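Only a predicted model underlies this, so the values are computations on that prediction, with no experimental measurement involved. We name chains A, B, ... by the order of the sequence lines, and we start the count at 1 in each one.
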Amino acid sequence: MAEVENLQKIVSHCKEYGFIFPSSEIYDNLGAVYDYGQFGVELKNNIKEYWWKSMVQMHVNIVGLDSAIFMHPTVWKASGHVDSFSDPLIDNKDSKKRYRADVLLEEKIDKLKEKGEKELTKKNLSEASVEEKVKASRDYAKGVLLETEYTKAAETADFKRYKELIEEYEIACEVSGSKNWTDVRQFNLMFGTKLGAVDEDSTDLYLRPETAQGIFVNFLNVQKTGRLKIPFGIAQIGKAFRNEIVARQFIFRMREFEQMEMQFFVRPGTQKEWFEKWKQTRMNWHLALGTAQENLRFHVHEKLAHYADAAEDIQFKFPIGFKELEGIHSRGDFDLSQHQKFSGKKLQYFDSELNENYVPYVIETSIGLDRMFLRVISESLKDEVLENGETRTVLNLPAALAPIKVAILPLVKKDGLPEKAREILNTLKFVGRTFYEEKDSIGKRYRRMDALGTPYCITVDHQTLEDNTVTIRERDTMQQDRIHMDEVAKIVGSKIDMNNLLRKAIC
RNA sequence: GCGGAAGUAGCUCAGCUGGUAGAGCGACAGCCUUCCAAGCUGUAGGUCGCGGGUUCGAACCUCGUCUUCCGCUCCA
């Protein structure tokens with residue numbers, strides 16, 4: 001069994017079989033944006049259902065939410081996105097290396113000061129006041145001057161001045177040694193838009209770069225109206241937007257993407273054990289799909305984000321290598337505290353056991369739905385060599401996730417077989433998404449269904465007209481059985497039941 | 001954003017030193033009536049990514065632009 005490892009094959013398969021199309025394709029595509037086709041949307045919805053049921057339905061203390069994409073602009077100041085989600089970048093024209101202009105300047109300041117300090121130590125002035133140091137060391141003086149200038153420029157985000165400073169202080173590229181720089185450009189990773197009809201009166205808004213903040217700002221609404229007691233969680237599935245400088249690798253990194261996030265609120269001090277618990281719970285969820293353990297791993301963040309006190313990723317072995325699929329973060333009380341500060345509203349929980357008020361700590365599980373989709377496709381798509389030497393392309397999706405659950409195929413399109421097949425089809429509509437096809441040879445239709453990941457095909461032949469039995473053909477084994485048509489719903493129904501996955505995930 | 005490569009039918013691609021496009025598969029209709037991509041007949045589908053330039057004439061040469069892939073960069 002040869003695994004299809006090439007991402008390109010996955011892209012082609014997704015397009016050819018109606019899973020994913022490039023956005024606005026007839027206009028030459030919109031970069032890094034993709035549309036889900038007729039079968040893609042079914043698979044995606046099934047993944048959502050699997051997540052939602054395992055998180056919300058299976059946990060009495062977790063509730064759902066669907067917050068708006070637009071949020072008050074101050075939300076993003078409080079969350080830290082306005083400040084840390086935009087970088088002033090500068091390129092060296094000779095080496096083509098890109099640097100963060102602020103980092104270059106800060107490093108220069110440190111270098112100058114360090115050099116100065118060495119000189120001062122020789123002169124026994126290391127304990128002297130700044131003023132004396134400035135007088136005694138030229139390098140130190142330059143460092144202090146640059147620091148002052150840089151701080152001033154940073155306050156007004158004056159990027160022109162950044163470049164001037166880089167030139168004045170002769171900062172060179174580490175690689176090329178050249179001082180041939182482009183202008184400083186600001187890359188804001190948040191998409192901006194306007195609210196209001198008239199430009200002058202309009203408010204600047206951002207499209208949310210993550211769904212989490214919608215949960216945090218609704219923390220009290222949900223907690224109070226749901227009369228929820230800590231520990232409890234709020235889960236949400238929704239779109240998020242990031243203006244990635246380089247967005248590539250198919251649906252792995254898109255500008256518009258969908259997240260499935262859950263924020264779990266806990267008593268401060270208990271975050272470590274909840275972090276561990278959610279790590280395991282989430283890993284089980286992934287393993288329940290039948291993925292080999294060696295294709296999944298935890299990855300510890302070396303550099304923690306500004307809010308986190310612990311962070312690990314669940315990585316999956318994509319065709320492009322081990323990459324982040326889901327993040328599990330211990331966010332402390334950072335978000336709620338920030339919103340408390342910026343909104344002036346108390347975002348606290350009264351713990352009747354401890355008889356005290358506190359800002360809860362948060363454990364976040366955040367998974368990219370599109371990445372999950374890519375993962376499911378990439379581990380399911382196979383070029384299988386059959387006993388007779390032929391190959392077939394098969395998408396052996398977990399049955400509960402398959403876009404089409406069962407196909408009804410009359411062996412030939414005459415002698416009343418189509419009519420009989422449609423009659424059976426109508427009864428199966430209540431079981432799951434069905435598919436009907438009477439064109440082409442039966443073998444060809446089986447293969448087509450294999451490529452779509454349909455777990456069962458039901459074939460209606462002449463014998464069906466006599467005794468109401470049909471052939472049921474299973475996707476993975478290609479095994480065929482003759483059963484009574486009334487049994488089909490039961491057999492298919494039990495195989496495609498989402499509970500099969502949920503039972504494995506919750507253990 | 002930089003460097004490299006590529007863009008021709010739904011897909012995979014061919015198209016020579018410039019003479020306005022082909023194959024295989026696929027799709028659609030019909031015949032055959034058939035349990036693992038069978039066969040036969042017919043049909044549709046391309047201003048060769050887009051826009052300039054050179055030329056009597058451009059899919060081919062040239063410039064620009066867009067998109068995709070690889071590498072760098074970036075990555076809460």
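Proximity of A:Lys444 to the phosphate of B:C35: no side-chain N or O atom is located under 4.0 Å from OP1 or OP2. Here A:Lys413 does not reach the OP1 or OP2 of B:U33: none of its side-chain N or O atoms lies under 4.0 Å away. When the side-chain nitrogen and oxygen atoms of A:Arg448 are compared with OP1 and OP2 of B:A27, one or more of them lie within a distance under 4.0 Å.
Aromatic pair A:Phe257/A:Phe241: centroids not less than 6.0 angstrom apart.
Minimum atom distance to the side chain of A:Lys439 is reached by B:A29, of the listed B:A27, B:A37, B:A29. Side-chain atoms of A:Val412 lie closest to B:U33 of the nucleotides B:U33, B:C35, B:A37. Side-chain atoms of A:Arg253 lie closest to B:C75 of the nucleotides B:A38, B:C36, B:C75.
Using a 4.0 Å heavy-atom cutoff across all strands shown, A:Asp415 reaches no nucleic acid atom at all. At the heavy-atom level, A:Lys414 lies under 4.0 Å from base atoms of the strands shown.
Of the possible polar contacts, none joining the A:Arg433 side chain to the A:Pro403 backbone as a donor-acceptor pair under 3.5 Å is found. For A:Glu326 (side chain) and A:Ile367 (main-chain N/O), no donor-acceptor pair under 3.5 Å exists by modelled atom type.
Closest-nucleotide positions on RNA chain B for A:Met478 and A:His462 were compared, and the one nearer the 5' end corresponds to A:His462. If A:Leu30 and A:Lys15 are placed on RNA chain B by their nearest nucleotide, the residue sitting closer to the 5' end is A:Lys15.
Atoms CD1 and CE, on A:Ile328 and A:Met262 in that order, are 9.5 Å from each other to the nearest 0.5 Å.
Between the side chain of A:Gln480 and the base of B:C35 there is at least one donor-acceptor pair of N/O atoms closer than 3.5 Å.
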